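Notes follow the structure.
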Amino acid sequence: MSNTKSGLSVKDLIVTGVFSAIIFICISLSGGVFMMMPALTFYYPVGAALLAGPVYLLMVAKVPKKGPIFIASALMAIFCYVTGMHIGMTVGYLIGGILAEIVAHTANYKSKKMNILSYVFFCLGGTGTYIAYFINPQTWINTMLDKGTTQEYLDSMLASTDWLVLVTMLIGTVLIALLSGLVGSKLLKKQFEKAGITA
């Protein structure tokens, strides 16, 4: 039985936990600043994709098995839920994690290109709440008011929101995730070669 098909060991879970925590920190550092500014909050996923790429790819290289990618996304989803974010963010990260896991698994976690594409889907999970807004703005606004978001914050956010913002957010997230993944693949080339990851 190949290593990629075997279950996660205790060591694998520890490594996954450590890397998931670092991924969370990277996302918080590069994406959190956008959330604090209502006019820029829709660009949170773009910023969030910037720093975590190398860490994500290294996690996959260290534990090339089913599970770590989804665990990382599930931890993000849980954090979003317990901190009172819109449920769209939680659902988004869960869906993104599932898709990211599937993409990486298609090449048994051994393809650099597929792992980078996997990271793109992982990052798109962060767009969930904003997509939910564009699907049903008033319900989204009511939900956020119920969760304690101030009317002032929402007014400032909505004043700078249109469909072009949605398109920019989605394209920007994909491009920045690709860039972060490509930079990571260059920085970690020796690690990938040791793990048997191909182009």
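For the numbers below, each heavy atom of this structure counts, side chains included, while hydrogens, waters and symmetry mates do not. Here the structure is a predicted model, which is why all the values come from computation and not from measurement.
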Query raised in the report: What residue pairs, at least two apart or across chains, pass ring-ring contact (aromatic ring centres under 6.0 Å, His included) with a residue in residues 145-181?
Result: Phe134-Trp163
Query raised in the report: Which pairs with one or both residues in residues 132-145 pass side-chain hydrogen bond (donor to acceptor under 3.5 Å, both in side chains), sequence neighbours excluded?
Result: Thr129-Trp140, Asn136-Thr139, Gln138-Asn142
Query raised in the report: Just how far is it from atom CD of Glu101 to atom NZ of Lys66, taken to the nearest 0.5 Å?
Result: 8.5 Å
Query - Listed partners of Phe79 passing ring pair (Phe, Tyr, Trp, His ring centres under 6.0 Å), at least two apart - result: Phe24
**Report entry** Non-neighbouring partners of Ile22 that pass side-chain contact (heavy atoms from CB on, under 4.5 Å), sequence neighbours left out
**Finding:** Val18, Cys26, Val55
Query - Non-hydrogen side-chain atoms of Pro38 and Leu154 separated by less than 4.5 Å - result: no
Report summary line: Taken to the nearest 0.5 Å, the spacing of Thr16 OG1 from Leu8 CG works out to 6.0 Å
Query - Partner residues of Gln151 under the side chain to side chain donor-acceptor pair (under 3.5 Å) criterion, sequence neighbours left out - result: Asp155
Report task. Before giving the answer on side chain to side chain contact (heavy atoms under 4.5 Å, CB included), spell out for Leu170 and Val174 the whole-Å C-alpha distance, their side-chain angles and the decisive distance to 0.1 Å. Result -> CA-CA 6 Å; Leu170 292 172; Val174 170; 5.8 Å; no
Report summary line: For Met169 and Val46 the tightest heavy-atom approach is O-CG2, 3.6 Å
Report summary line: Rounded to the nearest 0.5 Å, the CD1 atom of Ile71 sits from the CD1 atom of Ile23 at a distance of 11.0 Å
Report task. Before giving the answer on side chain to side chain contact (heavy atoms under 4.5 Å, CB included), spell out for Ser118 and Val60 the whole-Å C-alpha distance, their side-chain angles and the decisive distance to 0.1 Å. Result -> CA-CA 10 Å; Ser118 168; Val60 177; 5.8 Å; no
Query raised in the report: What's the spacing between Lys110 NZ and His105 NE2 if we round to 0.5 Å?
Result: 13.5 Å
Report task. Locate the shortest heavy-atom distance separating Ser20 from Leu75; write the atom from each residue and the value. Result -> CB-CD1, 3.7 Å
Query raised in the report: Are any side-chain N or O atoms of Tyr119 and backbone N or O atoms of Gly53, one a donor and one an acceptor, separated by less than 3.5 Å?
Result: yes
Requested in this report: Taking the side chain as every heavy atom from C-beta outward, state whether Pro45 and Cys123 have any pair of such atoms under 4.5 Å apart.
Outcome: no
Query raised in the report: Counting only N and O atoms by type, is there a donor-acceptor contact under 3.5 Å from the side chain of Asn115 to the main-chain atoms of Leu57?
Result: no
Query - Under 4.5 Å side-chain linkage, directly or through intermediates, the cluster mates of Ile171 - result: Val167, Leu175
Query - For Asp162, side-chain contact (heavy atoms from CB on, under 4.5 Å) partners two or more places apart - result: Leu164, Val165
**Report entry** From Ile69 atom CD1 to Leu99 atom CG, the distance as rounded to the nearest 0.5 Å
**Finding:** 11.5 Å
Query raised in the report: Which heavy atom of Gly7 sits nearest a heavy atom of Asp12, and at what distance?
Result: O-OD2, 4.0 Å
Report task. Can you sort out the partners of Phe122 under ring pair (Phe, Tyr, Trp, His ring centres under 6.0 Å), two or more places apart, ordered by chain and number? Result -> Tyr56
Query raised in the report: With sequence neighbours left out, what residues match Lys11 under side-chain contact (heavy atoms from CB on, under 4.5 Å)?
Result: Ser9, Val15
Query raised in the report: Would you say the side-chain atoms of Thr90 pair up with the backbone N or O of His86, donor to acceptor, closer than 3.5 Å?
Result: no
**Report entry** All pairs passing side-chain hydrogen bond (donor to acceptor under 3.5 Å, both in side chains) where residues 24-36 contributes a residue, at least two apart
**Finding:** none
Query raised in the report: To the nearest 0.5 Å, what is the distance between CG (Leu50) and OG1 (Thr173)?
Result: 11.5 Å
Report summary line: Applying side-chain contact (heavy atoms from CB on, under 4.5 Å) to Met35 and not counting sequence neighbours gives Thr41, Tyr44, Met85, Met89, Tyr130
Query raised in the report: Which residues, ordered by chain and number, are linked to Leu94 in its hydrophobic cluster, where ILVMFWY side chains connect at heavy-atom gaps below 4.5 Å, directly or through other members?
Result: Phe70, Ile98, Ile102
Report summary line: Heavy-atom nearest pair, Met59 first then Pro68, reads CE-O, 3.7 Å
